[in-house]
Trainee: 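Dropping the structure in here first, questions after.
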Amino acid sequence: MVNSINFFLLFSLLVFAPFCHCENKVGDFLYPQFYDGSCPQVEEIVKSVVSKAVAKEPRMAASLLRLHFHDCFVKGCDASVLLDSSGTIISEKRSNPNRNSARGFEVIEEIKSAVEKECPHTVSCADILTLAARDSTVLTGGPNWDVPLGRRDSLGASISGSNNNIPAPNNTFQTILTKFKLKGLNIVDLVALSGSHTIGDSRCTSFRQRLYNQTGNGKSDFTLDQNYAAQLRTRCPRSGGDQNLFVLDFVTPVKFDNNYYKNLLVNKGLLSSDEVLLTKNQVSADLVKTYAARNDIFFEQFAKSMVKLGNITPLTGSRGEIRKHCRKINK
């Protein structure tokens, strides 16, 4: 009888334990109810500040979503991207993917300040950033999901990891897929998470080569609609204008929907890393077509893939710390 009970308990733990794609010790799990006892109002605080920021500047939703992505792809979802340079820490903000590009840090600090007043030294910056990414998606019309919580904050940063691990706009399809696989994500996650480009902007410098010299022959990218390319050239010249901003989804630039995929089907994806999803791999191309046809399927997969993204090698248990200020480690 005792053995039967023990087996049932073990079976229950295995079946119902929260899933975590991470290298944790047994028992170190992320789960949505993590702060229910210690800071039950945390999600409401995060949502309130993010709502105010997005209402003031709609672009902020995409910026916060991107910040979470750039955090998780370096050392895992540990808020390392938020750290300023100090002492031996060289900030990831200086890396190629983030310099003059990553933004939203002041919103995260505002959230952290509000949370600290209610629940001192309890909620990590990593969890705040993860919640802010979810809320940014919902506020712009995207799907909702329960966010597993319990991450802790890193004690350092990795500018080399930021430079090398984050997919770049000019990377080949295979390079991008490899970078995803190294984080435990697959081709479905790649195509679904790329759908976050349904909101936000990109700089001229990120896609200029598509307009003038895609393969080194002095010609534009043949997979880019030529009328669209001509329109882009008016504000993205051969030289200069590096920081000029262009919407990633010209149809509904501030609404989270599946128009991103519809744009790809008519060769109007802004970045090379967007268009290769359609042109360089049959599996990803089929997914693009599915998400273009079915917004509901895209939303369902995006939510699942965001949970997987947020579960990349978090610090849990006694590892890391709960920072008081997200820009610096505790003294």
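Sequential numbering from 1 along the given sequence is applied to the chain's residues. Fair warning: this is a prediction, and the values are worked out from it, not measured in the lab.
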Trainee: Test of understanding: clusters of I, L, V, M, F, W, Y form through side-chain heavy atoms closer than 4.5 Å, transitively. Do L265 and V283 belong to the same one?
Mentor: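 Same cluster: L265 reaches V283 through Ile, Leu, Val, Met, Phe, Trp or Tyr contacts under 4.5 Å.
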Trainee: For residues Y260 and F173: do they belong to one hydrophobic cluster (side chain heavy atoms under 4.5 Å, members Ile, Leu, Val, Met, Phe, Trp, Tyr)?
Mentor: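 Yes, it is one cluster - the side chains of Y260 and F173 are joined through contacts under 4.5 Å.
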Trainee: Using 30° and 60° as the class limits, which term best fits the ring planes of W145 and F302: parallel, tilted or perpendicular?
Mentor: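 W145 and F302: perpendicular rings.
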Trainee: Looking just at side-chain N and O atoms, do D84 and S86 make a donor-acceptor pair shorter than 3.5 Å?
Mentor: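 Note: D84 and S86 side chains miss the donor-acceptor criterion.
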Trainee: One pair to check against ring-ring contact (aromatic ring centres under 6.0 Å, His included): F298 and F256. What are the steps and the verdict?
Mentor: CA-CA 11 Å; F298 163 48; F256 199 103; 5.8 Å; yes
Trainee: Under a plain distance cut-off of 3.5 Å, with no hydrogens placed, do S63 and R103 share a side-chain donor-acceptor pair?
Mentor: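 S63 and R103 do have a side-chain donor-acceptor pair below 3.5 Å.
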Trainee: Strictly by modelled atom types, are Q209 and N170 linked by a side-chain donor-acceptor pair under 3.5 Å?
Mentor: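 Side chains of Q209 and N170: pair found under 3.5 Å.
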Trainee: Just wondering, do T175 and T172 contact through their side chains at under 4.5 Å, heavy atoms?
Mentor: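 A side-chain contact exists here, since the closest heavy-atom pair is under 4.5 Å.
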Trainee: Tell me, do L315 and S154 make a side-chain contact under 4.5 Å, heavy atoms counted?
Mentor: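 With C-beta onward as the side chain, the pair touches.
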Trainee: Could you walk me through whether H197 and D274 satisfy the side chain to side chain contact (heavy atoms under 4.5 Å, CB included) test, starting with their C-alpha distance in whole Å, then the side-chain angles of each, then the deciding distance to 0.1 Å, before giving a yes or no?
Mentor: CA-CA 8 Å; H197 285 177; D274 294 326; 2.9 Å; yes
Trainee: So which of H70, K93, R66 actually passes side-chain hydrogen bond (donor to acceptor under 3.5 Å, both in side chains) with N98?
Mentor: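 Going through H70, K93, R66 one by one, the side-chain hydrogen bond (donor to acceptor under 3.5 Å, both in side chains) with N98 is satisfied by H70 alone.
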Trainee: Could you walk me through whether L190 and S284 satisfy the side chain to side chain contact (heavy atoms under 4.5 Å, CB included) test, starting with their C-alpha distance in whole Å, then the side-chain angles of each, then the deciding distance to 0.1 Å, before giving a yes or no?
Mentor: CA-CA 8 Å; L190 164 57; S284 67; 5.9 Å; no
Trainee: Has the side chain of Y291 got a donor or acceptor atom that lies under 3.5 Å from a matching backbone atom of K262?
Mentor: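 Not a single qualifying donor-acceptor pair exists.
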Trainee: Is there a donor-acceptor contact under 3.5 Å linking the side chains of T198 and D257?
Mentor: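 Side chains of T198 and D257: pair found under 3.5 Å.
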Trainee: Taking R152 first and then D78, would you say they form a salt bridge - that is, a charged N and a carboxylate O separated by under 4.0 Å?
Mentor: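 Between D78 and R152 there is no salt bridge, as every charged N stays at least 4.0 Å from the carboxylate O atoms.
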Trainee: For the pair D153 (side chain) and A79 (backbone), establish whether a donor and an acceptor sit closer than 3.5 Å, ignoring hydrogens and angles.
Mentor: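 No; judged by distance alone, with no hydrogens or angles, the pair does not exist.
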Trainee: Checking one residue: F207. Which other hydrophobic residues are in its cluster under the side-chain 4.5 Å linking rule?
Mentor: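 F207 shares its hydrophobic cluster with L211, Y212, L224, Y228, L232, F246, V247, L248, F250, V251, L270, L271.
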Trainee: Using the rule side-chain contact (heavy atoms from CB on, under 4.5 Å), only one of I322, T130, L129 pairs with R151; which is it?
Mentor: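 With R151 as partner, I322, T130, L129 yield a single side-chain contact (heavy atoms from CB on, under 4.5 Å), made by T130.
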Trainee: Under 4.0 Å between a Lys/Arg side-chain N and an Asp/Glu carboxylate O for E116 and R323?
Mentor: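 So E116 does not pair with R323 through a salt bridge.
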Trainee: Quick one: do L245 and S202 satisfy side chain to side chain contact (heavy atoms under 4.5 Å, CB included)? Show the steps, please.
Mentor: CA-CA 6 Å; L245 294 175; S202 183; over 6 Å; no
Trainee: Which atom pair, heavy atoms only, marks the closest approach of C326 to I108?
Mentor: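 Here C326 and I108 meet closest at SG-CG2, 4.0 Å.
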Trainee: With no hydrogens and no angle check, do the side chains of N227 and D225 hold a donor and an acceptor under 3.5 Å apart?
Mentor: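 Side-chain D/A pair, N227 to D225: absent.
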Trainee: Do you reckon F105 sits in the same ILVMFWY cluster as I166, going by side-chain contacts under 4.5 Å, direct or chained?
Mentor: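 Yes, F105 connects to I166 through the hydrophobic network.
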Trainee: List the steps and the verdict of salt bridge (Lys or Arg N to Asp or Glu O under 4.0 Å) for K255 and D249.
Mentor: CA-CA 9 Å; K255 187 175 188 297; D249 171 7; over 6 Å; no
Trainee: When you compare the side chains of Y35 and D127, does any donor N or O come within less than 3.5 Å of an acceptor on the partner?
Mentor: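 Indeed, the side chains of Y35 and D127 share at least one donor-acceptor pair under 3.5 Å.
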Trainee: For residues V81 and I90: do they belong to one hydrophobic cluster (side chain heavy atoms under 4.5 Å, members Ile, Leu, Val, Met, Phe, Trp, Tyr)?
Mentor: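 No; tracing contacts between hydrophobic side chains, which count when under 4.5 Å, never links both residues.
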Trainee: Ignoring hydrogens and geometry beyond distance, is a side-chain donor-acceptor pair present between N163 and S160 at under 3.5 Å?
Mentor: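 Side-chain D/A pair, N163 to S160: absent.
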Trainee: State whether D189 and K304 are salt-bridged, where the test is any N-O pair (Lys NZ or Arg NE/NH1/NH2 against Asp/Glu carboxylate O) under 4.0 Å.
Mentor: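 Result for this pair is no, no salt bridge flagged.
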Trainee: Please determine whether a side-chain nitrogen of the Lys or Arg among R99 and E92 lies less than 4.0 Å from a carboxylate oxygen of the Asp or Glu.
Mentor: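 E92 and R99: not salt-bridged.
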Trainee: As a quick check of understanding, evaluate side chain to side chain donor-acceptor pair (under 3.5 Å) for S95 and S162, giving each step before the final call.
Mentor: CA-CA 6 Å; S95 71; S162 187; 2.7 Å; yes
Trainee: Is any side-chain N of the basic residue among E275 and K268 closer than 4.0 Å to the acidic one's carboxylate O?
Mentor: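 Salt bridge flag = no for K268 with E275.
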Trainee: Between D135 and K47 (salt bridge meaning N to carboxylate O under 4.0 Å), is one present in this structure?
Mentor: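 K47 and D135: not salt-bridged.
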Trainee: Report yes or no: is the cationic atom of K179 (NZ for Lys, CZ for Arg) closer than 6.0 Å to the six-membered ring centre of F73, at no more than 45° off its axis?
Mentor: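 Negative - K179 is either too far from the ring of F73 or too far off its axis.
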